[in-house]
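Note sheet for the following structure.
Values below: all heavy atoms of this structure, side chains included; hydrogens, waters and symmetry mates excluded. Start at 1 with the first residue, then count along the sequence.
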Amino acid sequence: MALDPDISRYYALGRERDRLSSPGRGIEFVRTREILARHLPPPPGLLLDVGGGPGRYAHALAGDGYRVALVDPVPLHVRQAREDAPPGCHCLLADARGLPFPDGSADAVLLLGPLYHLPRREDRLRTWREAGRVLRPGGVLVAAGLSRFYSSWDMLASGKLDLPGVEETVAAHVSTGEHRNQGRDYERLFTTAYLHAPDELAEEAVEAGLRVRALLAVEGPAKLLGDIDARMEDERRRDQLLRTLRRLEAEPSVLGLSQHHLVVATAGD
């Protein structure tokens, strides 16, 4: 199964390794980690990080005591993940739509990237079903979606709405959920993606035979704050922000304003 050429070109630039390094962008990592800590089964167990990129989550979870297998379809990501991999973390080149693992072999599966790079619904459902196949009965799946509504506010806040074609692009996000970087301006804009309405992400999980336990906003609207980096670097203000996000994470009216939302689901008995 081939990866979309535009997605391959985008990730071959190598920026994913440092994407979460700034404090403002790092809120995605901090919030995702705390949600995972609440919902994953305790270590040691086998956790599959599917579409795990250069390994930021896989490495951290291996440090927590999990046995981790990272898979990603981008060769550069797998090489980078292997370079930094701690003991207990193994990295493989593979596609989320066809996982090289036996049925019922994993205690938990993460899909923190694959679903929003699959514009075709049948590919997303195939990915959900593959994740369900490799989970043991009662195993936990955590899957991320990008919100189709966040991008309009993000482009306004960042001043990118004036770039050629961007307003038409975010209008398409709202109406179809599809994102195409027609000009391949990878310095300022994202590559090919599918942007979910929050309820749609949960509905796909159910259609694939999974049981949804939670639908949560990751960052809420926090990344739209003009001083997000300063807030995340100040311990008092950081904790204040994180408490606010926890209080609102399951509120339906907040989900669409979050860049990422997470579905927590379990495999059937």
Side-chain angles (χ1 to χ4, degrees), residues 1-3 7-8 11-12 14 16-17 19-20 28-29 32-118 123-145 204-205 208-211 213 218 260 262-268:
M1 285 162 281
L3 192 62
I7 297 174
S8 295
Y11 285 114
E16 183 66 12
R17 192 176 207 170
R19 181 176 64 84
L20 299 174
E28 174 191 334
F29 180 75
T32 301
R33 282 277 283 153
E34 68 175 35
I35 292 169
L36 293 178
R38 279 186 261 141
H39 290 281
L40 291 179
L46 177 61
L47 186 151
L48 308 183
D49 186 2
V50 180
R56 184 74 184 273
Y57 290 101
H59 297 163
L61 290 160
D64 292 341
Y66 291 97
R67 292 176 294 122
V68 180
L70 175 148
V71 301
D72 198 272
V74 178
L76 174 61
H77 288 170
V78 175
R79 290 197 299 272
Q80 291 172 334
R82 285 173 176 163
E83 287 171 8
D84 300 329
C89 181
H90 303 281
C91 310
L92 308 169
L93 187 67
D95 192 287
R97 293 164 289 183
L99 297 174
F101 303 103
D103 295 359
S105 57
D107 297 288
V109 175
L110 306 184
L111 296 175
L112 300 182
L115 294 170
Y116 54 75
H117 282 316
L118 296 170
D123 284 331
R124 296 195 301 276
L125 289 175
R126 182 171 182 174
T127 297
W128 283 109
R129 290 179 178 126
E130 269 294 276
R133 177 187 66 78
V134 300
L135 272 176
R136 64 167 175 77
V140 176
L141 168 62
V142 182
E204 288 181 358
L210 297 155
R211 298 176 181 176
R213 301 304 188 203
V218 178
H260 297 85
L262 294 180
V263 159
V264 180
T266 56

Worked verdict on Tyr11 versus Leu76 for side chain to side chain contact (heavy atoms under 4.5 Å, CB included)
CA-CA 8 Å; Tyr11 285 114; Leu76 174 61; over 6 Å; no

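- Atom CG of Leu47 is separated from atom OH of Tyr66 by 7.0 Å, given to the nearest 0.5 angstrom.
- In plain terms, the two heavy atoms of Gly51 and Asp72 that are nearest each other are C-OD2, 3.3 Å.
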Evaluate salt bridge (charged side-chain N to carboxylate O under 4.0 Å, His left out) for Arg17 paired with Glu83, printing each intermediate quantity in order. CA-CA 12 Å; Arg17 192 176 207 170; Glu83 287 171 8; 2.9 Å; yes

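- Minimum heavy-atom separation, Leu210 to Gly132: CD2-CA, 4.1 Å.
- The shortest distance between side-chain heavy atoms of Arg19 and Arg56 does not fall below 4.5 Å.
- With values rounded to the nearest 0.5 angstrom, Arg33 atom CZ is found 4.5 Å from Asp64 atom CG.
- Closest heavy-atom contact between Ala96 and Thr127: CB-CG2, 3.7 Å.
- How far OH of Tyr57 is from CG of Leu110: 9.5 Å, rounded to the nearest 0.5 Å.
- When atom types are taken as modelled, the side chain of Arg133 and the backbone of Leu99 share a donor-acceptor pair closer than 3.5 angstrom.
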Apply side chain to side chain contact (heavy atoms under 4.5 Å, CB included) to residues Arg213 and His39 and explain how you reach the verdict.
CA-CA 9 Å; Arg213 301 304 188 203; His39 290 281; 5.7 Å; no

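- Side-chain atoms of Arg126 come within 3.5 Å of backbone N or O of Arg97 as a donor-acceptor pair.
- Nearest heavy-atom pair, Ala205 versus Val263, reported as atom, atom and distance to 0.1 Å: CB-CG1, 4.2 Å.
- Atom CD1 of Ile7 and atom CG of Leu118 lie 7.0 Å apart (nearest 0.5 Å).
- When all heavy atoms of Phe101 and Val134 are compared, the pair lying nearest together is O-CG1, 3.7 Å.
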Handout entry: Test log, rule side chain to side chain contact (heavy atoms under 4.5 Å, CB included), inputs Arg38 and Ile35
Key = CA-CA 5 Å; Arg38 279 186 261 141; Ile35 292 169; 3.7 Å; yes

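- Between atom CG of residue Leu135 and atom OG1 of residue Thr266 there is a gap of 9.0 Å, rounded to the nearest 0.5 Å.
- Under the side chain to side chain contact (heavy atoms under 4.5 Å, CB included) rule, Pro54 has a single partner from His59, His77, Arg82, which is His77.
- Of the inter-residue distances, the one linking Gln80 atom CD with Leu70 atom CG reads 11.0 Å to the nearest 0.5 angstrom.
- Counting only heavy atoms from C-beta outward, the side chains of Arg136 and Pro41 approach each other to under 4.5 Å.
- Between Ser8 and Leu3 the shortest heavy-atom distance is OG-CD2, 3.5 Å.
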